[in-house]
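Lettering of chains follows the sequences in order, A, B, ..., and the numbering in each one begins at 1.
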Amino acid sequence: MPEKIKPRTLKGFRDYPPATMIPREWIIETARRVYRSYGFCPMDTPSLEHLEILLGNGSEETDKQLYRFEDHGGRSVGLRFDLTVPLARFVAQHIQELGTPYKRYQIANVWRGENTQRGRYREFMQCDFDTIGTTSLSADIEMILVINDLLSALHVGEFTIHVNHRGILNGLLEKLDLSNKANSVLRALDKLEKIGEDRVRKELAETAEATSDQADQLLALTALAGSNEAMLAEAETLTAGNETGELGVAQLREALAAVSAALSPEAQDALPPEAQNRIQFAPSVCRGLDYYTGIVLETTLDELPSIGSVASGGRYDNLADLYTKQQLPGVGASLGLDRLLAALEELGRLEQTSTTAQVFIPYFAADRRNDYLKLATHLREAGIAVEFYPEAKKLGKQLQYANRRGFRIALVIGDDEFDAGECQVKDLTTGNSKTVAYTNHATALIAEIQSILAK
RNA sequence: GUGGCUGUAGCUCAGUUGGUUAGAGCGCCGGAUUGUGAUUCCGGAGGUCGUGGGUUCAAUUCCCAUCAGCCACCCCA
């Protein structure tokens, strides 16, 4: 007998059995619903692109992480490592037909050949939404509202949206004459919470050659704490005299005020106290996202901040300048679905179900198959998802199966019930059952099922 | 990509200071109970100890490599 091939998956690539796929789809559906509720429209692009498209302004890091190869026609190609670069190519190619403002969402896999860790895989899904072709602050405000709606709808527990404006830090850097060291400075400042002020100071001195006076000012900004209003006032003082910084503070102030106004006061008051500050000015949020130029945001879960940002985004001045002369400003953000799922799993916030139907019909009376199928059809027509067991096994076994899969209701019908035109509706959560007539288009039965499902 | 830790049944783990037939709990399958699932009792299946090599009379145990997972660094457009 030949050796069997060992079944296995590649590092960083995973299977998604039903128990993980069901919550996954639920998140996708929720994201889709929220995005659509703001008028964002679906679109997609190919997984594979010409290498030159993806490399574009690529940093060395991108280079290293990119999955690339030569296709059968000898072309250099690569798998997309995010959804923003393909979007840039897409709008550069199609903006004439699309018109502006163009609002899109895209939920798709991306690939990065980086080392794996909890919540970090080589194939993972991003749920992006963007508004292209407008510089209006309304779009920025809307981005914050979308993220707030989305995470609220996902039942992730309390979360914090950390909002900043690139202009504030850039302004301070200009003022301190450190603009040419921006990357090193931002990278060091971003580690503040992680490694502490002393080591950040050290890193600033080493990598950005910052003087201790410069470091003082940078840390004065990033270490700000207190209410959003108070912090903004401090930031205003620190950047005073610099146009970029002042504009940044002003825009952020306006956006935060608008977000508060948009969220109804009643809804706000109904939230627990910690949630009323869920949108916070965070002067140190600036990492990565090099092309962002305006408002930026990151979102962390209050119960598990260590897993990192589960949704981030911001405003960019010119999305597609690599591919077109047309200036295309925009604003957009992305939900990191796999990281979020990893977090929810760790927090025990995922529902354990392996079924998509709520109602189970055991195959009980062996020669009544067509009657069972007919009943199932009736229920489906009423919008109730039903699974009919394929074998006329012992009832106990079938109920055990139903219980394990997480069905809510079993409809027990044997010869006696068929003859009497009734049906036992068994609530699998409580174990109680109730006998209901199912004749007359099963109206009474449907009502009973719906009342149990509504619980 | 660099460094560290880990890998024993489907799951969570014990264990062997190198030595006969590698264990437990939970889960799974069957029966007690041929019309009712989470309890109870009885029985059963399931492991080349991640994989490959080396040292040894003997390796699941020691060594090397490799694969995978986790952690830190790096990075996260």
query: Taking the P atom of each, how far is B/U21 from B/C11, in whole Å?
result: 26 Å
query: A/Y401 has an atom OH; how far is it from atom P of B/G30, in whole Å?
result: 15 Å
statement: Between the CG atom in A/L189 and the CG atom in A/L204, the distance rounded to the nearest 0.5 Å is 5.5 Å
- request: Pull out every residue in residues 106-125 of chain A that has a heavy atom closer than 4.0 Å to any atom of RNA chain B, ordered by number, or say none.
  value: A/R112, A/E114, A/N115, A/T116, A/Q117, A/R118, A/R120
May I have the list of side-chain donor-acceptor pairs in residues 40-47 of chain A shorter than 3.5 Å, sequence neighbours left out?
{"unit_1": "A/D44", "atom_1": "OD1", "unit_2": "A/Q106", "atom_2": "NE2", "d": "2.9"}
{"unit_1": "A/T45", "atom_1": "OG1", "unit_2": "A/R80", "atom_2": "NH1", "d": "3.4"}
{"unit_1": "A/T45", "atom_1": "OG1", "unit_2": "A/Q106", "atom_2": "NE2", "d": "3.2"}

Whole-Å C1' distance, B/G23 and B/A14: 7 Å
- prompt: Within this structure, what is the CZ-to-P distance between A/R14 and B/C67, rounded to whole angstrom?
  reply: 20 Å
task: May I ask you to say what A/G12 touches in the nucleic acid, namely base, sugar-phosphate or nothing, with a heavy-atom cut-off under 4.0 Å?
output: sugar-phosphate
message: Can you list everything that forms a side chain to side chain donor-acceptor pair (under 3.5 Å) with A/R36? Sequence neighbours excluded, please.
response: A/Y105
field: Gap in Å between the two C1' atoms, one belonging to B/G25 and one to B/A9, rounded
entry: 12 Å
query: Using atom P of each nucleotide, how far apart are B/G44 and B/G53 to the nearest Å?
result: 36 Å
- line: Of A/F13 and A/D416, the one whose closest nucleotide on RNA chain B sits nearer the 5' end is A/D416
- prompt: What about A/E417: does its side chain form a donor-acceptor pair under 3.5 Å with the base of B/G35?
  reply: yes
task: Could you list all the salt bridge (charged side-chain N to carboxylate O under 4.0 Å, His left out) pairs where at least one residue sits in residues 320-334 of chain A, not counting sequence neighbours?
output: none
field: Whole-Å C1' distance, B/G18 and B/C71
entry: 31 Å
field: Residues which pass side-chain contact (heavy atoms from CB on, under 4.5 Å) with A/A392, listed by chain and number, not counting sequence neighbours
entry: A/Y363, A/A366
message: Check this one for me: any side-chain N or O of A/K394 less than 4.0 Å away from OP1 or OP2 of B/G35?
response: no
field: Whole-Å gap separating C1' (B/C75) and CD (A/E203)
entry: 13 Å
message: According to ring-ring contact (aromatic ring centres under 6.0 Å, His included), does anything in residues 297-316 of chain A pair up with another residue at least two apart or in another chain? List the pairs.
response: A/Y291-A/Y316
- request: Check A/F364, A/F360, A/F418 against A/Y372 for a ring pair (Phe, Tyr, Trp, His ring centres under 6.0 Å) and give me the one that passes.
  value: A/F418
message: Under the salt bridge (charged side-chain N to carboxylate O under 4.0 Å, His left out) definition, can you give me all pairs with a residue in residues 11-25 of chain A, not counting sequence neighbours?
response: A/R14-A/D338, A/R24-A/D338
Pairing residues for A/T160 by the side-chain contact (heavy atoms from CB on, under 4.5 Å) criterion, not counting sequence neighbours: A/H162, A/Q280, A/T300, A/D302
query: When the P atoms of B/C5 and B/A58 are considered, how many whole Å apart are they?
result: 29 Å
- prompt: Starting at NZ of A/K11 and ending at P of B/G7, how long is that distance when rounded to a whole Å?
  reply: 17 Å
- request: Please tell me which of A/S433 and A/K393 maps to the more 5' nucleotide of RNA chain B, matching each residue to the nucleotide holding its nearest heavy atom.
  value: A/K393
Look for any protein N or O under 3.5 Å of an N or O in nucleotides 38-40 of chain B and output each such pair with its distance, or none.
{"unit_1": "B/A38", "atom_1": "N6", "unit_2": "A/T429", "atom_2": "O", "d": "2.8"}

query: Quick one: stems for RNA chain B, with Watson-Crick or G-U pairs under 3.5 Å, at least three in a row?
result: B:1-7 with B:67-73, B:10-13 with B:23-26, B:28-32 with B:40-44, B:50-54 with B:62-66
query: So, is A/R8 close to the B/A68 phosphate, meaning a side-chain N or O under 4.0 Å from OP1 or OP2?
result: no
message: By the 4.0 Å heavy-atom rule, please label A/K397 as base, sugar-phosphate, or nothing.
response: sugar-phosphate
- prompt: So what does A/Y316 hit on the nucleic acid, given a heavy-atom distance under 4.0 Å: a base, only sugar-phosphate, or nothing?
  reply: nothing
query: Among pairs that include at least one residue of residues 360-374 of chain A, which meet salt bridge (charged side-chain N to carboxylate O under 4.0 Å, His left out), considering only residues two or more places apart or in two chains?
result: A/R368-A/D371, A/R368-A/D415, A/R368-A/D419
message: Once hydrogens and angles are ignored, does a donor-acceptor distance under 3.5 Å link the base of B/U36 to the side chain of A/Q424?
response: yes
Rounded distance in Å between the C1' positions of B/G43 and B/A68: 37 Å
query: Would you find a donor on one side and an acceptor on the other, under 3.5 Å apart, between the side chain of A/D130 and the backbone of A/R104?
result: no
Nearest-Å distance for atom pair CG/C1', residues A/D15 and B/G69: 15 Å
task: Quickly work out the A/L395 CG to B/U36 C1' distance and round it to whole Å.
output: 4 Å
field: Atom-pair distance (CG on A/L186; P on B/C74), nearest Å
entry: 15 Å
- prompt: So, do A/Y401 and A/Y389 have ring centers that fall under 6.0 Å from each other?
  reply: yes
Separation of the P atoms in B/C26 and B/C41, to the nearest angstrom: 10 Å
query: Expressed in angstrom and rounded to an integer, what is the separation of A/F81 atom CZ from B/C75 atom P?
result: 17 Å
- prompt: Can you name the residues that form a side-chain contact (heavy atoms from CB on, under 4.5 Å) with A/A320, not counting sequence neighbours?
  reply: A/A88, A/V91, A/A92, A/Y323, A/T324, A/L328
